[in-house]
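Heads up, the thing below is written out as structure tokens.
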Amino acid sequence: KMQKSFEEVISAEESLGVLQGIRNRVDEFGSQAAEDMLVEYDARARSLAEERQAQQGEEKRVADVHTLAQIMNWAQKCKKDGLVEWEQGHWAEAYVSWRQADDTLRPFKAADKENGQLLSELHGAVAKNLSQACMKLGYWQEAVKAAEIASQLCPEDHKAWFRLACALEGLGRLDEAEECLHKIDECSVGRPDRTRIAKDTQAKREKLQALRDREQASLKKTVEKALARNVFSEEREDHQIHPAVLPAKTTPTRESLEESPKSPSSVPKHLTREGAKDLLLELRDAYRDTTFQMQIFKLARDVHGEKELFLANLSKLALPLQKPILERFGFQPSEKGVKEMKQALQAHLHAATIDEDIRRAADETTMAFYGVMYDKLTRVDDDIDSPPSMEVRLGRDPREQSE
């Protein structure tokens, strides 16, 4: 494969087109656009790195004794560097160091069982720390992947399963987090500190149940307020609070959209029950994207937690994610399409008895749509506007330490 010089790469027609697009975007939207593009670039870079690692997952190379010593020494140094940064509160720097250690260890395996055990223990410790750093920075998907690696390498390590439970909790996957706690119970059998571990897992279970109860209570209040204020009315201003409407994991069929026999352009579309549920689930999954959640967090910080300013900008932020989903469900990929989608969901959200699956999907979608501002936006008595805290939103346990 012939190597190209930097000048050749930058002068290529495709590269010039990309650069011109970046320039136009910055000229039109200013420094905010530049910051948003940096966030997007960071997320894409991590995604590509993860894809490469996944492709290489089954192609681990057997390291000889000399190579194994080199990679383990380097990984150990990166791990210690990360701990130094972590203790000083430098989460991003710790993340970089532990990510380097993970990248170094991941492609290799040992030739014998004894060295293989040492390699697994080191890589497991690095993965646990990496997961913790990802949670601090809001990289929830990556936090889950790192914790999964740690639990696979060290299946008897209760801390690895606890990291995974915390990461899943951050994504709102509470049932899966509960399963991790069952794994911890199994791992702790016969351990001298089993009583302490059981106390920690019980505290986490109570916390997960409290989150479920709070979400149900918040959903009930949100739905009641929405119905009282006619949230999904066409006359309602775009920037007011409304439960997010989103799609599903399965590709909808033409049968899920039932067109009225009247004028197709003037008569609203209608969704079947399954179509409405699928729409909500797809929107939920789209809103849970790490990049979008980081953008929500940044927006909330930029407006200092002020509800009206946050909501006024949130719809614009979400539209790019909504467009492909709107098209798949037969709506226009535009603000008009969003309004049509809301109208199509009215019958299901305003029903005398809302379908339980649709209620749950609407709740999960709303949580993902509001991100770190969910509690503030759905809280009834909230007279103080303050910047959101990622730790507060997720109920982080201050006892969770890196190793």
Side-chain angles (χ1 to χ4, degrees), residues 32 34-53 75 78-106 123-151 159-160 162-173 177 287-303 305 317 367-368 370-375 386-403:
Q32 179 63 49
E35 292 181 13
D36 290 344
M37 284 188 285
L38 282 174
V39 171
E40 292 172 11
Y41 174 81
D42 183 54
R44 288 176 184 174
R46 291 199 310 273
S47 178
L48 289 173
E50 289 166 6
E51 287 179 9
R52 285 197 298 269
Q53 289 169 354
C78 292
K79 177 173 177 280
K80 290 180 179 178
D81 290 344
L83 287 172
V84 172
E85 298 291 354
W86 181 268
E87 290 169 358
Q88 296 177 3
H90 302 158
W91 322 129
E93 290 79 0
Y95 165 81
V96 171
S97 293
W98 291 331
R99 186 60 189 266
Q100 282 183 324
D102 180 62
D103 290 341
T104 300
L105 296 169
R106 192 186 293 264
H123 195 183
V126 167
K128 283 187 293 183
N129 288 351
L130 179 59
S131 179
Q132 184 76 350
C134 288
M135 286 187 275
K136 273 287 187 182
L137 295 170
Y139 303 160
W140 302 108
Q141 296 287 356
E142 189 174 353
V144 169
K145 290 181 180 180
E148 285 176 340
I149 290 173
S151 62
K159 292 184 179 179
F162 196 81
R163 288 283 193 277
L164 183 54
C166 292
L168 290 167
E169 176 193 342
L171 286 176
R173 293 157 60 178
Y287 295 156
R288 283 178 174 177
D289 177 72
T290 301
T291 301
F292 182 66
Q293 290 298 316
M294 290 175 65
Q295 290 173 335
I296 291 177
F297 183 68
K298 185 178 184 305
L299 172 61
R301 284 288 187 183
D302 289 344
V303 300
L317 194 65
M367 289 185 65
Y370 291 153
V372 293
M373 286 287 285
Y374 175 80
D375 290 340
S386 58
S389 166
M390 191 74 78
E391 280 70 25
V392 171
R393 166 69 182 87
L394 295 164
R396 304 310 304 268
D397 189 340
R399 293 176 298 173
E400 295 171 12
Q401 300 292 328
S402 292
E403 300 174 355

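The analysis underlying the following values was restricted to heavy atoms, covering all of them including side chains, and did not include hydrogens, waters or symmetry mates. No experiment lies behind these values; they were computed from the predicted model shown.
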- request: Working to the nearest 0.5 Å, report the span between CD1 of I296 and CE of M373.
  value: 10.0 Å

query: Taking Q293 for the side chain and Y139 for the main chain, is one N or O donor matched with an acceptor at less than 3.5 Å?
result: no

- prompt: Which pairs count as salt bridge (charged side-chain N to carboxylate O under 4.0 Å, His left out) when at least one residue sits in residues 80-93, sequence neighbours excluded?
  reply: K77-D81

Spacing of NZ belonging to K145 relative to CG belonging to D102, to within rounding of 0.5 Å: 12.0 Å

task: Hey, can you tell me if W86 and W98 have their rings parallel, tilted or perpendicular (30° and 60° cut-offs)?
output: tilted

- line: Taken to the nearest 0.5 Å, the spacing of K159 NZ from N129 CG works out to 10.0 Å

task: Name all residues meeting the side-chain contact (heavy atoms from CB on, under 4.5 Å) criterion together with A143; count only those two or more places apart in sequence or in a different chain, and write none if there are none.
output: S131, C134, M135, A167

message: Suppose we screen for side-chain hydrogen bond (donor to acceptor under 3.5 Å, both in side chains). Which residues come up paired with D289, at least two apart in sequence or across chains?
response: none

query: What heavy-atom pair brings R106 and H123 nearest, and what distance separates the two atoms?
result: CA-CE1, 3.8 Å

message: So, using side-chain hydrogen bond (donor to acceptor under 3.5 Å, both in side chains) as the criterion, who are the partners of R173 when residues are at least two apart?
response: E176

message: For a side chain to side chain contact (heavy atoms under 4.5 Å, CB included) check, start with the C-alpha distance between F162 and K128, then their side-chain angles and the critical distance, and finish with the verdict.
response: CA-CA 9 Å; F162 196 81; K128 283 187 293 183; over 6 Å; no

query: Going from CZ on R99 to CG on L130, what distance comes out if it is rounded to the nearest 0.5 angstrom?
result: 6.5 Å

Reported CG-to-CH2 distance for the pair L137 and W91, which is rounded to 0.5 angstrom: 9.5 Å

message: Treating S97 as the side-chain partner and A94 as the backbone partner, does any N or O pair qualify as donor plus acceptor under 3.5 Å?
response: no

- line: With sequence neighbours left out, the residues meeting side-chain contact (heavy atoms from CB on, under 4.5 Å) with A75 are A101, L105, L122

query: Of the non-hydrogen atoms in R288 and G172, which two are nearest, and what is the gap between them?
result: NH2-O, 4.3 Å

